[in-house]
Student: 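First the structure, which I've put down as structure tokens, then a few questions once you've had a look.
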Amino acid sequence: MNNMIVLPMIIPILTGVFLIFLRPYVKIQRVLSILSILVTIGVSIYILNRIQTDGILRLDFGGWLPPYGILFVADSFAMLLVVTTAIITGILLFYAFSSVSKSFESMFFYPFVFFLIAGVNGSFLTGDLFNLFVCFEVMLLSSYVLITLGGRKVQLVESIKYVSINVLSSWFFLVAIAYLYGTVGTLNMAHLSVRVAEVGQGPLLTVISIIFLIVFSLKAGLLLYFWLPGSYSAPPTVIAALFGALLTKVGIYAMFRVFTLIFYHEPGITHTLIGVMAAVTLIGGSIGAIAHNDVRQIVSYNVVIAVGFILVGLAISTEVAIQGSIYYLIHDMIIKALLFLIAGTMIYLTGTARIEQMSGLIRNYPILGWLFFITMLSLAGIPPLSGFIGKVYIGQGAIEAGSFVLLAIAFISSIFVLYSLLRIFMNCFWGETIINEDDDVPLKKGILIPCVVLGILTIALGLGAEGIAVYVSDAAHTLMNPEIYIEAVLQD
Amino acid sequence: METLITILVGVLVTVAVYLLLSRNLVRVILGTAILSHAVHLLLMTMGGLKKGSVPIIGEEAGNYTDALPQALILTAIVISFAVTAFLLVLAYRTYKETGSDDLSVLRGTEDE
């Protein structure tokens with residue numbers, strides 16, 4: 001009766017397939033995609049609530065009981081991310097309606113967005129490592145198409161790097177899966193956890209876990225983020241926002257899953273390594289964010305900083321810190337979508353991406369300016385906004401665990417985030433306007449409203465953190481106590 | 001048998017890395033293709049090479065071959081085909097657009 005939990009993946013796939021046949025009918029595509037995303041949001045929220053009453057849900061495909069078959073497992077952590085993904089995609093679709101050109105819409109833009117969502121949701125829900133690989137590939141292949149859609153020179157050149165890096169990391173993923181299967185003889189995550197606990201995480205298994213760490217770091221942009229700023233600044237705004245909000249988060253999710261459920265026996269090696277990588281990521285991201293004068297580059301480096309910050313929580317690995325990471329993860333998905341949208345809108349309005357060539361935008365577009373101000377405060381973690389609570393919890397966890405160096409680096413990086421965005425704000429929004437009244441490009445409502453909705457979401461998440469506190473604490477509790485997950489999967 | 005295949009995998013990876021490090025885009029793509037073949041063989045070997053009968057329930061054999069690695073490889077092969085095809089098309093389009101398949105020419109963007 002848990003067939004429901006396959007819906008967050010199946011609805012987008014079916015919608016995508018269906019929309020392919022409706023290529024010339026843009027209006028119908030729009031209506032259908034909105035309907036489908038609304039249904040996905042509804043179903044996901046329903047499942048999230050059911051987990052609170054019924055415990056972790058699982059679906060064995062074809063009735064093959066674990067550890068033999070493949071399966072989907074829905075716990076609070078996965079479902080929180082699925083819900084956020086669906087909501088953000090819905091808002092971004094509205095933005096796409098008025099910003100994406102007709103040629104995109106009839107070149108299968110919507111189908112590939114839905115395939116991307118299917119891959120992302122599948123990765124969140126799967127309970128099996130190989131299935132995770134397959135869902136990763138579904139997601140990556142659609143992202144390859146989306147990043148090259150339009151075929152401008154920059155896009156093509158950047159996407160070659162992006163695709164090659166991801167092919168290589170998929171190769172590492174398969175190598176890790178092969179070694180793990182050869183060592184413990186299973187790929188079901190709960191079963192793996194049991195087996196690894198039985199034989200003890202010896203040197204060999206620790207090495208395998210580090211291969212997994214490399215793979216997920218490449219996908220998430222932890223330390224190995226060199227490909228990220230280039231490829232995230234190449235595609236059109238909506239697609240960049242979709243990438244910035246969702247893609248790295250899947251890598252982060254996989255890392256949380258693997259290092260809290262399977263390889264948690266040697267925190268001295270693996271979690272220290274994650275901590276060091278997170279620290280270097282924070283430093284490198286901060287340097288990148290203040291070094292560039294290109295809005296898109298600054299925004300892309302902010303993605304990198306956020307990845308480092310979230311993984312500080314995993315490195316510390318106490319229940320409070322994990323809670324903080326989950327809050328921050330949800331916050332980051334919303335705020336990165338908003339940040340990319342505003343940056344893209346600024347480029348659309350001024351026709352340039354260099355911050356020294358923009359000035360006084362707030363005079364012409366006051367709402368956009370204040371929205372950027374809110375985004376900046378939220379990213380820096382100013383109290384009533386959504387970034388605050390995650391930072392507090394991660395900080396609290398770091399103090400409890402005594403990792404003061406990580407704490408210092410994480411919080412100093414917030415100042416760099418604030419500084420890098422303040423530079424954009426001072427240069428682009430303040431000062432004398434350089435746009436005279438004739439050149440004033442009107443800001444379409446369809447572009448402004450999605451940004452405002454995302455802005456309201458970040459305020460709502462900050463003020464209404466109580467509302468999701470139940471789910472987040474349940475998710476963190478499940479992550480820190482792997483036996484709950486194992487029992488839910490391997491019972492009867 | 002396992003040792004032999006493992007050595008073969010090693011050779012394939014060496015060839016692939018050599019190709020990946022070259023400046024020519026087509027060679028890099030061939031490198032990724034060979035790399036994926038190497039990993040498929042590795043998956044097969046790690047699951048144990050053929051030791052028993054075909055994995056069909058009801059046959060009267062003492063032990064059966066593990067079917068899982070084969071299922072995994074089948075999926076992985078399909079995926080690697082798709083990605084290689086995509087990469088080849090991408091390389092072609094990039095060549096058309098920029099007039100070069102030399103990676104050292106393609107690096108960086110104009111306003112950097």
Side-chain angles (χ1 to χ4, degrees), chain A residues 67-70 128-131 133-138 140-142 144-145 147-148 151-168 170-188 229-230 233-234 292-294 296-297 352-354, chain B residues 2 6 9 13 16-17 20 25 28-29 31-48 66-69 71-73 75-80 82-101 103 105-112:
Chain A
Y68 299 109
I70 54 175
D128 175 287
L129 269 185
F130 194 76
N131 229 354
F133 168 77
V134 174
C135 290
F136 261 38
E137 290 302 317
V138 170
L140 286 174
L141 209 51
S142 11
Y144 300 158
V145 176
I147 201 173
T148 47
R152 285 180 305 126
K153 212 167 175 177
V154 195
Q155 284 179 307
L156 291 171
V157 173
E158 288 300 336
S159 60
I160 284 181
K161 292 171 205 162
Y162 177 71
V163 178
S164 338
I165 282 297
N166 277 307
V167 168
L168 205 64
S170 303
W171 179 76
F172 269 111
F173 200 170
L174 277 177
V175 169
I177 286 176
Y179 283 151
L180 195 59
Y181 187 69
T183 317
V184 289
T186 179
L187 285 177
N188 182 302
S233 50
H292 284 274
N293 279 331
D294 186 309
R296 289 171 303 194
Q297 294 275 351
T352 172
R354 316 286 299 176
Chain B
E2 265 94 350
T6 315
V9 170
V13 171
V17 170
L20 276 178
L25 192 50
V28 172
I29 296 170
T32 61
I34 292 177
L35 207 56
S36 58
H37 289 315
V39 79
H40 299 154
L41 281 176
L42 181 71
L43 263 174
M44 184 76 118
T45 323
M46 290 311 275
D66 189 357
L68 190 73
L72 301 189
I73 293 166
T75 321
I77 285 175
V78 173
I79 290 171
S80 91
V83 174
T84 310
F86 183 84
L87 255 174
L88 282 168
V89 174
L90 182 62
Y92 176 70
R93 276 287 300 180
T94 313
Y95 178 71
K96 282 284 226 184
E97 199 77 24
T98 60
S100 169
D101 62 347
L103 282 172
V105 178
L106 293 178
R107 62 200 285 258
T109 43
E110 289 130 40
D111 54 344
E112 242 174 359

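To find a chain, count down the sequence lines: A is the first, B the second, and so on, and within it residues start at 1. The figures here come from the full heavy-atom set of this structure, side chains too, leaving out hydrogens, waters and symmetry mates. Owing to the predicted nature of the structure, the values given are computational and were not obtained by experimental measurement.
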Student: Which one of A76(B), S36(B), A82(B) has the most heavy-atom pairs closer than 4.5 Å to chain A?
Tutor: A76(B)
Student: Counting only heavy atoms closer than 4.5 Å, note whether L187(A) contacts chain B via side chain, backbone, both or neither.
Tutor: side chain
Student: Check each atom of S170(A) against the heavy atoms of chain B and say whether the ones under 4.5 Å are side chain, backbone, both or neither.
Tutor: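 When you check distances to chain B, no heavy atom of S170(A) falls under 4.5 Å.
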Student: Between I79(B) and chain A, with a heavy-atom cut-off of 4.5 Å, which part of the residue counts as in contact: side chain, backbone, both or neither?
Tutor: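 Only the side chain of I79(B) comes within 4.5 Å of chain A.
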Student: Can you tell me which portion of L103(B) sits under 4.5 Å from chain A's heavy atoms? Options are side chain, backbone, both or neither.
Tutor: side chain
Student: By a 4.5 Å heavy-atom criterion (distance strictly below it), what part of F133(A) contacts chain B: side chain, backbone, both, or neither?
Tutor: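 It is the side chain, since no backbone atom gets that close.
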Student: Give, as side chain, backbone, both or neither, the part of L43(B) having an atom under 4.5 angstrom from any heavy atom of chain A.
Tutor: both
Student: Need one label for L174(A): side chain, backbone, both or neither, based on atoms under 4.5 Å from any heavy atom in chain B.
Tutor: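 Both parts, backbone and side chain.
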Student: Sort F130(A) into side chain, backbone, both or neither according to what part of it lies under 4.5 angstrom from a heavy atom of chain B.
Tutor: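 Side chain only.
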Student: I need the Q155(A) CD to T94(B) OG1 distance, nearest 0.5 Å.
Tutor: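 Going from CD on Q155(A) over to OG1 on T94(B), the span is 11.0 Å.
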Student: Just checking Y95(B): does its OH atom have more than 12 heavy atoms from other residues, nucleotides or ligands closer to it than 6.0 angstrom?
Tutor: no
Student: For a 4.5 angstrom cut-off between non-hydrogen side-chain atoms, does E137(A) reach V83(B)?
Tutor: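 Answer yes - side chains close enough.
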Student: Please flag which part of V163(A) lies under 4.5 Å from any non-hydrogen atom of chain B: side chain, backbone, both or neither.
Tutor: side chain
Student: Chain B heavy atoms under 4.5 Å from L168(A): which part of the residue, side chain, backbone, both or neither?
Tutor: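 For L168(A), the contact with chain B is made by the side chain alone.
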Student: Heavy-atom pairs under 4.5 Å with chain A: which of L68(B), I29(B), T84(B) has the most?
Tutor: L68(B)
Student: Under 4.5 Å from any heavy atom of chain B, what part of V145(A) do you find: side chain, backbone, both or neither?
Tutor: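 The answer is both parts of V145(A).
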Student: Among the options T32(B), T98(B), T45(B), pick out the one with the most heavy-atom pairs lying under 4.5 Å from chain A.
Tutor: T98(B)
Student: Closest heavy-atom contact between V13(B) and W171(A)?
Tutor: CG2-CZ2, 4.0 Å
